[in-house]
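What follows is a set of notes on a single structure, which appears directly below.
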Amino acid sequence: MKKPFTRVIILIILSALLIALPVEIIGLFRNQQAFEIEAEDKTEYAIRSAGTDLDMVFNSMSNLINMLHSTVQVTFSGKDYIHNYDTFLQLKNQTGNIIKHSLKKTEHISGIYVTFSPDLHSGMEEVWYAYKDGTVNYIDARSLAPSWLIKGNPRVDYYYDAIKNGEYWGALDYESSLNEYMATHTKSVYDYDGNLIGIVGSDMLMTEIDDILKFMKIYSDSQIVLFDGNMNYCASSEDIEDPMKHYSSLSSQIQKSFPEDSPIWYKASDGKKHIAAYTTLNNGWILATTQTSATVMTSANETRRTLMITMLMTILIIIIMTIILIKRYYDPVIESAQQNEILLINQSRQAKLGEMIGNIAHQCKQPLNNINIDISNMKDDYYSDELTSDRFNEYQAKIRENVSIMSGTITDFADFLKPDRRKEQFFLKDSVDKALSIMNENLVINQVNIINDVADDISITNYRNEFIQCIFNILENARDSVISSKITPGIIKISSEIKNTAETTHISLNIFNSGKNIPKEDSEKIFLPYYSTKEKEGGTGIGLYMVKQIIENHFNGRISFVNNKNGVTFTISIKERKE
């Protein structure tokens, strides 16, 4: 009996190996191809997303110039500014006030100016305001320029190209008065009689653009590069000594691939294989991303190694499992049941994301409705000739405000899910506000009033997002408790306390809810893992346990609660050592 039994075992093992090995070899090749396609898709999606973000920045420059163009055209049209210098000066000063006010209202923009045609009056007339040392200052170009708008001088392309082509986009324009390199956008402007008034323009610091690009990186060694329409280097996310030379191979590869803007695999100047993708911005510039294939294919290489190990382990596993299956029948069944239980627990943890996504959807509906109403009203005003500059600016401000609300909501949600990488200083009230913003719509729908008495000046240095997650979990439990009490309107009150000693700062955050008291039988188990009083509603018992672990282990603090006469108060206590 032993020999036939042994032969059966050997035949089973050999058959399994013959089937498994080709499958795993095919898997290796398919794995490589799948990861390359995934890397291309991810890179292409990332650069398009980054391009959309940068387009928003450049569009703000363009929109500002269009608004200033219309303002200057209206201001100078119908006035004798050409022959009457006093009228010109009056209109010039009026324009300067508009520019100064507009610059204070902008983001990213470092300077706004109007350069008048050299054929007007003295030939050296300009209104220019720029941020210098953190404040808006008038820049007297005449005291700085040794010459004025001489054709052929590449430093004045911003003027003559705008006159010739209607508008101009330029980068790496060095401004000696500010000791900065600029990205410049200009547009020619004529009065209603066709007389050239000059150009309107705006500047953005290249260091500002560099900082924007740094936040767009995908991997640690990825690089985001900005070229102009002629593939001249403008900016990048990295500080490169000779960027023109460094990115020459990337530039040439992009030029070869035009008009195709799909991902490119190429060998860079450092001798390593890279993957790159690019997109054309609204102003004709090119935004590209590049990173080594080794980084992109890290997961593929790890998977390949895993498959190799799996191939070796297959032999051992088949032998062991054959013996176990013959001698024991129930152990694998038990093990499988345990794995299924773990899987169900993990799925229940992920289910909480659905509620947060619902909150985001609700909170975006109202701003979108407001934008739709403002656009409709603006259209009606336009066709009834009632759309004045002030009303247009009012509509524009309201639309931007609603867009900002939606953008802030989405940013708060993204920040909430983003793992912290480093400790940073943040304000207690800001963290509370962000947690409330994620669930604001749900609170309004369920008639839960929020009283936020957290002090503005209390700061903590630690993991910001983890703290927001803790607040969110406590607020979520507080909301559920208020709703279940069926007392309307429900109340959640958030307050703070701070006490200073010689060496430490004691910070307390109190979150009160007007729900029912926590029963004594639950009070000793409320911070235990997987213990929940809301199992029928899908509670997992993870939230408060996670809060306790984070506060105690990462913040060196503690969390507690106390039943009040009219509800329950949870308190987070943190000690921060003074430096």
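- Side-chain polar atoms of Tyr85 and Glu125 form a donor-acceptor pair below 3.5 angstrom.
- With hydrogens and angles ignored, the 3.5 Å screen pairs a side-chain donor or acceptor of His274 with a backbone N or O of Lys272.
- Judged by distance alone, the side chain of Thr184 and the main-chain N or O of Asp203 form no donor-acceptor pair under 3.5 Å.
- Donor-acceptor pairing under 3.5 Å is lacking for the side chains of Asn137 and Tyr131.
- Taking the ring centroids of Phe88 and Phe116, they lie under the 6.0 Å cut-off.
- Residue Trp285 comes nearest to Ala183 through the heavy atom pair CH2-CB, 4.3 Å, listed as atom of the first residue, atom of the second, then distance.
- Of the N and O atoms on the side chains of Tyr266 and Thr290, at least one donor lies less than 3.5 Å from an acceptor on the other residue.
- Every salt bridge (charged side-chain N to carboxylate O under 4.0 Å, His left out) that Asp430 has, sequence neighbours left out, goes to Arg464.
- We find the CG-CD1 distance between Asn93 and Ile98 to be 11.5 Å, quoted to the nearest 0.5 Å.
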Query raised in the report: Taking it one step at a time, do Leu213 and Leu54 satisfy side-chain contact (heavy atoms from CB on, under 4.5 Å)?
Result: CA-CA 8 Å; Leu213 298 183; Leu54 195 57; 4.2 Å; yes
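- A donor-acceptor pair shorter than 3.5 Å cannot be found between the side chains of Glu424 and Tyr463.
- Rounding to the nearest 0.5 Å places NZ of Lys434 at 14.5 Å from CZ of Phe467.
- The closest side-chain heavy-atom distance from Lys100 to Asn97 is not below 4.5 Å.
- Put simply, the side chain of Asn59 gets close to the backbone of Asp55: a donor and an acceptor are under 3.5 Å apart.
- Put simply, the side chain of Ser251 never gets that close to the backbone of Ser248: no donor and acceptor are under 3.5 Å apart.
- No donor-acceptor pair closer than 3.5 Å links the side chain of Glu167 to the backbone N or O of His185.
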